[in-house]
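In what follows, residues are counted from 1 in the order of the sequence shown. Because the structure is a prediction, the values reported are computed rather than measured. One-based numbering, in listed order, for ligands and for the atoms of each.
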Amino acid sequence: MEIKNKRQLAILGSTGSIGTQTLKVVEEHPECFEVYAITANSRVEELIAQARKFMPEAVVIADETKYKRLKEALDDLPIKVYGGYESICQIVESKPIDIVVTAMVGFSGLRPTINAIKTGKAIALANKETMVVAGELINALANEYRTPILPVDSEHSAIFQCLAGEMTNKVEKLILTASGGPFRTFTKDQLENVTKEQALKHPNWSMGAKITIDSATMMNKGFEVIEAKWLFGVNADKIEVVVHPQSVIHSMVQFEDGAIKAQLGTPDMRLPIMYALTYPHRLQSSFERINWDTLKELTFERPDLERFPNLQHAYTALSKGGNMPCVVNAANEVCVAAFLNDRIKFCEMPRLIDRAMQQTHFITKPSLEDYLETDRHVREMVESWI
Ligand code: NAD
Ligand code: MG
């Protein structure tokens, strides 16, 4: 398929795992995409190299202490350079941008995503935390401003691909597959003493540190259940998680006649990224194909909510609604950072999240300000327990 007009991209979090893979997609199809803006938190040298290579109109670094270095390094080029998180929130509004790829981590994705939606940009959504925290608000805005939200997460991309051409047909169930992470076969006792080095070794995917820990605790799958509810308008009782250790089936949709459609592929995020950028079209790719000679088996098992309570926490938060998913997200962000800094043990993460859920003031229909306040309050509270 050929794309007629080049799509102008803003890539938020361009130095990360999804960000760099998005740039690889751009490199593979320069006839389809142009990079208008790239942003990063603090990895300034990588950002400079990307800017020199892709020649965007604008570059933003959130960490203001790195601004001077960035500005000086790009001084010989006609690139606008900005510093500070507020500049990320603003750059997405630039007129020429068609699609904003939200590839930053955590709650920081929320405000730029809202601004992008309000200025009519399509969102290629990698930053699932935005949907976890404020899915209802994001959907309301996307409807109001008629902006599409295109999933990048591999499971949601799989579901999106399975739903193509099925708009009038009733969905009975969404089936999210989960690799089970590095501790799939560990006992409860073994989980008590796992290290961050073990947790950072995902069996199938190479990803940023935060989502890799979320995969090990299965918080990631819980977040994906919440994300699926808001992206596809399907209630939690119709979203099933199945552990599938080979990560070949990326997810499935079961229709009311019992038929199940699945999307399969090698674990390579460039495919879902590219699909989000070109939907409803597909482009030729050089990505590795499935080899049926070496692929011996596809296996399935039930997730164990007792060993991985975070998945249960996500279901509970989703059924409570309101600001509860925001509470879980904020508590989780603090816990993951603390675990990565060797301040808490692996099994303390779900315990602290549970405690935060019990102790936070519940708001039924939160506004953006309520989300910001809940996030701030929960971070402070959980931090004080650690
Ligand atoms: P990463 O840690 O590799 O990269 C994160 C990027 O965001 C970096 O460029 C960093 O500079 C930027 N960033 C981080 N915090 C920021 C802040 N406060 N302000 C501004 N910029 C900030 O992360 P990743 O693995 O690429 O994941 C990005 C998002 O995509 C996450 O929400 C994750 O859940 C989601 N996701 C990732 C994968 C994957 O394969 N990596 C798959 C599905 C979904
Ligand atoms: Mg995923």
Does this structure show an ion pair linking [X] with [Y], if we count only N-O contacts that are shorter than 4.0 Å?
X    : Y    : value
K128 : E155 : no
E72  : K68  : yes
E93  : K118 : no

Does either side chain, that of [X] or that of [Y], offer a donor lying less than 3.5 Å from an acceptor on the other one?
X    : Y    : answer
D63  : T65  : yes
N323 : D370 : no
T299 : Q246 : yes
R43  : Q50  : no
N204 : S179 : no

Could you establish whether E129 and ligand 1 come within less than 4.0 Å of each other, counting only heavy atoms on the residue side?
yes
4.0 Å heavy-atom contact, K210 with ligand 1:
no
Can you check ring-ring contact (aromatic ring centres under 6.0 Å, His included) on F183 and F346, steps first, answer last?
CA-CA 11 Å; F183 307 133; F346 188 80; 5.1 Å; yes
N/O separation below 3.5 Å, T39 to ligand 1
no
What residue and heavy atom of the protein are closest to [atom], and at what distance?
atom                    : result
atom 3 (O) of ligand 1  : S17 N, 2.8 Å
atom 43 (C) of ligand 1 : D153 OD1, 3.1 Å
atom 4 (O) of ligand 1  : G16 CA, 3.1 Å
atom 23 (O) of ligand 1 : V105 CG2, 3.6 Å
atom 25 (O) of ligand 1 : G208 N, 2.9 Å
atom 7 (O) of ligand 1  : M104 CA, 3.2 Å
atom 13 (N) of ligand 1 : N41 CB, 3.5 Å
atom 34 (O) of ligand 1 : K128 CE, 3.3 Å

Which atoms of ligand 1 sit under 4.0 Å from any heavy atom of [X]?
X    : answer
I18  : 26 (O), 30 (O), 37 (C), 38 (C), 39 (C), 40 (O), 41 (N), 42 (C)
I88  : 20 (C)
A103 : 5 (C), 6 (C), 7 (O), 28 (C)
A126 : 30 (O), 32 (O), 35 (C), 36 (N), 44 (C)
G13  : 6 (C), 7 (O), 8 (C), 9 (O), 12 (C)
T15  : 8 (C), 9 (O), 11 (O)

Part of [X] with heavy atoms under 4.0 Å of ligand 1, whether side chain, backbone, both or neither:
X    : result
S14  : backbone
M269 : side chain
I211 : side chain

How is the N/O/S atom of [X] that comes nearest to the Mg ion (ligand 2) named?
X    : value
D153 : OD1
E224 : OE2
E155 : OE1

How long is the gap from CZ on F33 to CZ on R7, to the nearest 0.5 Å?
7.0 Å
Would you mind reporting whether M269 and S154 have side-chain heavy atoms less than 4.5 Å apart?
yes
Please check if atom CZ in R289 has more than 12 non-hydrogen atoms from other residues, nucleotides or ligands closer than 6.0 Å.
yes
Determine yes or no for a side-chain-to-main-chain donor-acceptor pair under 3.5 angstrom, with K221 supplying the side chain and T177 the backbone.
yes
Can you check whether M219's main-chain N or O pairs, donor with acceptor, with H313's side chain at less than 3.5 Å?
no
